[in-house]
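Note on naming: letters A, B, ... go to the chains in the order of the sequence lines (proteins, then strands), and numbering restarts at 1 for each one. The structure displayed is predicted, hence computed values, not measured ones.
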Number of protein chains: 2
Amino acid sequence: MNLKIATEIGKCLSNQTRLQIMEWLKEPEKHFPPHETVKHFNDGVCVTYIQEKSGLSQSTISTYLSNMEKCGLLISTRHGKWSYLKRNEPLIEAYSQYLQN
Amino acid sequence: MNLKIATEIGKCLSNQTRLQIMEWLKEPEKHFPPHETVKHFNDGVCVTYIQEKSGLSQSTISTYLSNMEKCGLLISTRHGKWSYLKRNEPLIEAYSQYLQN
DNA sequence: TTCACATATCTAGAATTATAGATATATTTG
DNA sequence: CAAATATATCTATAATTCTAGATATGTGAA
């Protein structure tokens, strides 16, 4: 974990909506309805559900999620027309370690 | 650790200089000269040293440190005319826990 | 109490980020 | 292939943050 990447992660974590997304994705089944095609949350939650729950526009959420993926906080998986997002726990763990003494 | 405080912490950690300050304060003796009056780093490092090492203006660093203290990342202690800053490890630990699943 | 120095706050302009609408690009289905 | 749906990107404006200079405040020493 270097300074530059850590700064990008910090930027993603400096906004309430993005932090909430990180929270929601801790327990997708508690915060989102089941998907139609994929019958589990193994790859996380689709963009539309996250967008609807956030109340922000599609373009804004798409940008958020894209940045969160770029810095490694989220992992994106395509299933047909849908992109599923889940937390990247090892990266989050590494960032936590970096912050701590 | 709630969403609002975590967001404020994230804002403090979203800037390279501020992240570096957090790094430097992990090992003050490696990054700063000894103080004249206080002969240890138990309470951290004075504002002037941090300002000089950062290369930014006094007012900017003062603002940074003030915000970092407000959200709990740093602890400030006065010794005469000097303010000493050290990391608030328990808060950092709590934030790390909050981020993790 | 005055001076010198350390730190904090105020103010303002520059830089960056937030956000949405419009549009483009997949991808599935008929 | 055309239509429908999901997501991504582009563009522009609003909002926020960055940053420093000026000024104020706190504190020890003379």
Return the value, rounded to whole Å, for the distance between atom CE of B:M68 and atom P of C:dA8.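 Distance, rounded to whole Å: 13 Å.
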
Find the distance B:N67:CG to C:dC10:P and express it as a whole number of Å. 13 Å

Under a 4.0 Å heavy-atom cut-off, which of [range] touch DNA chain D?
| range | answer |
| --- | --- |
| residues 35-59 of chain B | B:L56, B:S57, B:S59 |
| residues 5-21 of chain B | B:K11, B:N15, B:R18 |
| residues 78-87 of chain B | B:R78, B:G80 |

Which pair of heavy atoms, one from [X] and one from [Y], lies closest together, and at what distance?
| X | Y | value |
| --- | --- | --- |
| A:L99 | B:I92 | O-CG2, 3.7 Å |
| A:L74 | A:R87 | CD2-CA, 3.9 Å |
| A:M22 | A:L13 | CG-CD2, 4.0 Å |
| A:P34 | A:F41 | CA-CZ, 4.1 Å |
| A:R18 | A:K11 | NH2-O, 3.0 Å |

Of all residues at least two apart in sequence or in a different chain, which pass the side chain to side chain contact (heavy atoms under 4.5 Å, CB included) check with A:N88?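 Scan of A:N88 (side chain to side chain contact (heavy atoms under 4.5 Å, CB included), adjacent residues dropped) gives A:I75, A:P90, A:L91.
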
Those residues that, when tested against B:S59, pass side chain to side chain contact (heavy atoms under 4.5 Å, CB included) (two or more places apart):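 B:S59: side chain to side chain contact (heavy atoms under 4.5 Å, CB included) contacts with B:S57.
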
Here the gap from A:Q16 atom CD to B:E8 atom CD, rounded to the nearest 0.5 Å, amounts to 8.0 Å

Atom pair CD1/OG1 of B:I50 and B:T17 - distance to nearest 0.5 Å: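 Atom-to-atom, B:I50:CD1 and B:T17:OG1 are 12.0 Å apart.
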
With A:K26 as the cation and B:Y98 as the aromatic partner, state whether NZ or CZ is under 6.0 Å from the six-membered ring centre and within 45° of the axis. yes

Will you find, in the side chains of B:Q100 and A:E89, an N or O donor that is under 3.5 Å from an N or O acceptor? no

Centroid-centroid under 6.0 Å between A:Y49 and A:H31 rings: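 No, the ring of A:Y49 stays outside the 6.0 Å limit from the ring of A:H31, centre to centre.
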
On DNA chain D, which is the earliest and which the latest nucleotide, 5' to 3', with an atom closer than 4.0 Å to a heavy atom of chain A? D:dT5 to D:dT9

For the residue pair A:W24 and A:K30, establish whether any side-chain heavy-atom pair is separated by less than 4.5 Å. no

